[in-house]
Amino acid sequence: MKCSYPQALTASAEAVFGSASRGDVDAMSDRDILIVDDDVAILRERSRVLTKAGWSVASYTFAKLDALSQRGALFIQHIKLESTVLVDQDGRLAAKLAAFTPRLSYADEIRENSALAGLAGCTPIGSRGTLLAADILYVTIRNFGVLSLAEHGIHLFAYNAVIEALESNGFIAPGGARALAALRFL
């Protein structure tokens with residue numbers, strides 16, 4: 001999917017992140033964009049325009065972004081390390097990203113992610129259920145990897161980089177990354 005970047009009525013801050021920013025977009029990738037503003041009406045309209053143009057929109061008020069930052073949410077680290085800022089009208093986004101420090105422990109999130117993995121066993125029998133289970137496992141493996149690696153000071157967010165780091169750091173057996181890579185394409 002080719003996505004244009006509509007520039008009319010921008011939010012106070014906008015940043016492309018993920019594979020669209022890293023430059024490793026493939027047929028399975030979505031085009032992620034963060035929009036931030038204090039005005040919810042602007043966020044709603046900008047999100048509508050960007051979604052219509054093919055973007056996957058993460059829409060936040062600055063207050064919500066502050067709350068995520070205070071909680072040490074790795075989403076902020078993801079934006080800090082892997083985004084291309086397109087708009088930052090007053091430098092607020094840049095200041096928030098520069099000030100962010102990830103937590104040392106994500107044990108609670110790892111436990112919650114384990115519960116999510118359990119849903120793979122609750123999918124319907126049949127090909128659709130199998131694909132749903134594979135999707136759940138893909139998401140939980142990526143989450144586990146991002147969270148566990150972060151506890152070791154490694155901040156990666158691309159699925160292939162995450163599973164390769166899990167293997168090279170002994171979290172999964174040798175050859176496991178190659179096997180887990182297939183989940184993304186199911």
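Just so we're clear, the structure is a prediction, and the values are computed from it rather than from any experiment.
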task: Please collect all side-chain hydrogen bond (donor to acceptor under 3.5 Å, both in side chains) contacts where either partner lies in residues 151-169, sequence neighbours excluded, each pair once.
output: Ser105-Glu151
task: Output the rest of the hydrophobic cluster of Ile125: all Ile, Leu, Val, Met, Phe, Trp and Tyr residues reachable through side-chain heavy-atom contacts under 4.5 Å, sorted by chain and number.
output: none
task: Check side chain to side chain contact (heavy atoms under 4.5 Å, CB included) between Arg103 and all other residues, then give those that pass, not counting sequence neighbours.
output: Tyr106, Glu109
query: Who pairs with Thr140 by side chain to side chain contact (heavy atoms under 4.5 Å, CB included), at least two apart in sequence or on another chain?
result: Asn113, Leu116, Ala117, Ile136, Leu137
- prompt: Sequence neighbours excluded, which residues qualify as side chain to side chain donor-acceptor pair (under 3.5 Å) partners of Asp135?
  reply: none
- prompt: What residues, two or more places apart in sequence or in another chain, satisfy side chain to side chain donor-acceptor pair (under 3.5 Å) together with Thr123?
  reply: none
message: Testing the 3.5 Å rule here: is there a donor-acceptor pair between the side chains of Ser21 and Thr84?
response: yes
field: salt bridge (charged side-chain N to carboxylate O under 4.0 Å, His left out) partners for Asp24, two or more places apart
entry: Arg22
- prompt: Quick one: side-chain hydrogen bond (donor to acceptor under 3.5 Å, both in side chains) pairs with a partner in residues 86-102, sequence neighbours left out?
  reply: Asp38-Arg92, Asp66-Lys96
field: Sequence-distant partners of Phe157, ring-ring contact (aromatic ring centres under 6.0 Å, His included), two or more places apart
entry: His78
field: side chain to side chain contact (heavy atoms under 4.5 Å, CB included) against Ser114, all qualifying residues, sequence neighbours excluded
entry: none
field: Any residue meeting side chain to side chain contact (heavy atoms under 4.5 Å, CB included) with Ala73, in chain and number order, not counting sequence neighbours
entry: Leu68
statement: Taken to the nearest 0.5 Å, the spacing of Gln77 CD from Ser69 OG works out to 10.0 Å
query: Is a side-chain donor or acceptor of Asp39 paired with a backbone partner of Ala41 at a separation under 3.5 angstrom?
result: yes
- request: Apply side chain to side chain donor-acceptor pair (under 3.5 Å) to Arg128 and list each qualifying residue two or more places apart in sequence or on a separate chain.
  value: none
field: side-chain contact (heavy atoms from CB on, under 4.5 Å) partner of Leu86, the single match among Leu34, Thr10, Ile35, Val16
entry: Val16
